[in-house]
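Heads up: the structure comes next, in structure tokens.
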Amino acid sequence: MSLVEVKALHISFGEREVVSDINLSIAQGQRVGVVGESGSGKSLTALSIIDLLPEAAIQHGEITRNLPKGDKLRGKHIGMVFQEPMTTLNPLMRVGDQIKEALELHLPDIDFDSRVAELVAEVDLPPTTALRYPHELSGGQRQRIGLAIALAGEPELLIADEPTSALDMITQAQIISLIRRICDQRKMALLFISHDLGAVSALCDHIHVLEKGRQVEHGETTAVLKSPREDYTKRLIAAAKPTRRRLTTRKIGTPLLELTGISKRFKLPGPFWAKKQYLQALDDISLTINEAECVGLVGPSGCGKTTLSRIIAGLNKAQHGAIRFDGQDISQQRGQMPKAARRELSMVFQDPFGSFDPRLTMAHSLYEPLNLMPELGQTERRERVEMALERVGLSPDMLNRHPHAFSGGQRQRFAIARSLVLRPKLVVLDEPVSALDVSIRGDVLELLAELREKFGIAYLFVSHDLDVVRAVADRVLVMERGRIVEQGDVDAVFDAPQADITKRLLNARLSI
């Protein structure tokens, strides 16, 4: 008997049908994967199982849940890890209190503090993590807290929507191993939604392939990935293969960005009477990015990649060190970067939802950066926005919608388009393709290479995906615990790594 069975599921918004005739079943202890491009209906199918569809959605079909009656469905019997952990965590609460809140709802007769500590340890985080707020954690750390909350009620079914997309290779392998172990120990079923075919191959027994809301193929994971029947599945598998190097014929120019001795520390939470403790996020970082050069930045989750990116973009201030951009000192107080530098330096953030104002339409968000270029007329502005949208696979008729109306992958494409409308000299890309499906990822990387070739844009490409970094970067920097431990030509570093962390990252890669 199936734990959950979905028959002839249809979901529409008004006259627009987005999910059509989906059928799947999940048995006790079974691990089922759902793959497909962004907007294919993966997340909506999962949300229908836990009755979390938007109010505007119209649902038809039959969903049978063979679960105990009388208890709360969500949290107690079905846990869910959402795609964007920053938006699912309460920014005003410490993450330990959020885990405790889930425990109080479903397991009232336990020692909450002890169980919180056990769950934090179970997802491989240090005990002090429970005292921190979501914004004090890296993307990978927040995702692991989301997993701890989902496991708090000891559910029979865990739904994981892109739980590893924001994680480095080592942490991704650890989380997949953790999920597999917990599923085996508790005989817990899993519905695993991902665009990463390597992760699905490593974790799932059965796979469903969705295209534009329709189920095009399903079967045992090994059989489908080794001998796909449908052209769409074949294209997904081909797109997941390591991509070729996208080098530029442009001559690498003079230094554009120079960092010298950058250090940054954060005060750790604790009682007011105790001695203050600090986390050294960055320790004496020095680097150079030249004109038209693409530099990759890799390292495990929490090593300081995002902190360094935000300091370069002027969103955080280092305690020590100097930053020169295009010959100008921009070591300013936060928010006081010179206007000329803001025009020439853009950033794509790791969390696509959090980088947009939810009250504004996408049109407002994409046209807003052009206020830095008052010399452009309305026609030129429109042309820039429409060209950027076209290059990332989006259409202008989407501009009147708000961020919540799009999937995570679509929001990230909007974020990339927004960063490019100014045609800056340097773009800091913090995990720019981690939320994208493999086919769109290839298109976006080609777009970045084309813009680099045409306009001489330089990139700092921050990523946990070493194959992607190898495909786009000229040089690579490897970080660990706030320090750059290895750097050099990307092929030389990846073919003959010297640092232990580089070797571990390379060995942790997942393949189909």
Side-chain angles (χ1 to χ4, degrees), residues 37-38 164-170 172-173 194-199 201 234-250 252 289-290 292-300 305 309 348 350 391-393 409 412-413 415-417 419-420 426-479 486-497 501-512:
E37 293 179 300
S38 176
T164 61
S165 63
L167 307 181
D168 64 83
M169 298 293 186
I170 295 172
Q172 183 185 59
S194 182
H195 61 258
D196 188 336
L197 297 183
S201 175
K234 294 175 183 177
R235 292 201 304 272
L236 285 179
I237 294 171
K241 305 292 184 183
T243 49
R244 63 178 176 83
R245 282 288 291 278
R246 295 170 173 81
L247 299 176
T248 180
T249 60
R250 277 182 171 267
I252 303 301
I289 301 176
N290 300 307
E293 185 181 30
C294 181
V295 176
L297 180 62
V298 302
K305 302 189 299 294
S309 301
V348 176
Q350 181 176 358
R391 295 293 175 82
V392 297
Q412 190 65 301
R413 280 183 274 166
I416 293 171
S419 75
L420 298 174
L426 172 66
V427 179
V428 179
L429 301 150
D430 188 5
E431 300 283 5
V433 295
S434 64
L436 304 182
D437 57 78
V438 289
S439 59
I440 294 298
R441 181 182 69 183
D443 294 340
V444 169
L445 294 179
E446 290 288 357
L447 165 65
L448 294 174
E450 179 184 334
L451 292 169
R452 182 185 176 201
E453 180 73 27
K454 186 174 181 180
F455 300 110
I457 298 175
Y459 300 119
L460 177 62
F461 196 98
V462 183
S463 180
H464 65 262
D465 192 324
L466 303 191
D467 290 328
V468 169
V469 170
R470 190 165 196 163
V472 301
D474 304 302
R475 289 189 296 122
V476 64
L477 312 174
V478 184
M479 286 188 68
E486 188 167 6
Q487 60 181 302
D489 176 82
V490 66
D491 288 327
V493 171
F494 286 172
D495 288 341
I501 189 62
T502 312
K503 296 175 184 177
R504 290 170 56 204
L505 287 168
L506 288 165
N507 291 335
R509 287 179 296 178
L510 300 172
S511 59
I512 300 174

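Just the heavy atoms: all of them, side chains too, but no hydrogens, waters or symmetry mates, feed the values below.
Between E486 and V298 the shortest side-chain heavy-atom distance does not fall below 4.5 Å. Inter-residue side-chain proximity for E37 and L236 is flagged as met; some heavy-atom pair is nearer than 4.5 Å. Residues N290 and D474 fail the side-chain proximity criterion, which asks for heavy atoms closer than 4.5 Å.
With K305 contributing its side chain and G299 its backbone, the two residues share a donor-acceptor pair below 3.5 Å. A donor-acceptor distance shorter than 3.5 angstrom exists from the side chain of D489 to the backbone of A492, with no hydrogens or angles considered. Remark: side-chain polar atoms of Y459 are not paired, donor with acceptor, to backbone N or O of V472 under 3.5 angstrom. Listed for the Q487 side chain is no donor-acceptor partner under 3.5 Å among the backbone atoms of R475.
Evaluated for a side chain to side chain contact (heavy atoms under 4.5 Å, CB included) with F461, the options D430, V476, L445 yield exactly one hit, L445.
Here the CG atom belonging to L460 is positioned 8.0 Å from the CG atom belonging to L429, to the nearest 0.5 angstrom. If you take CG on L448 and CD on E450, they are separated by 10.0 Å, rounding to the nearest 0.5 Å.
M479 and P300 make their closest contact through O-CD, 3.4 Å (heavy atoms, listed as atom of the first residue, atom of the second, distance). Listed here is the closest heavy atom pair of V469 and S463: CG2-CB, 3.7 Å. The two residues P432 and I416 come nearest to each other via the heavy atoms O-CD1, 3.6 Å. The shortest non-hydrogen separation linking V490 to A473 is CG1-O, 3.2 Å. Of all heavy-atom pairs spanning A292 and I252, the tightest one is O-CD1, 3.4 Å. In plain terms, the two heavy atoms of T502 and V493 that are nearest each other are CG2-CG1, 4.1 Å.
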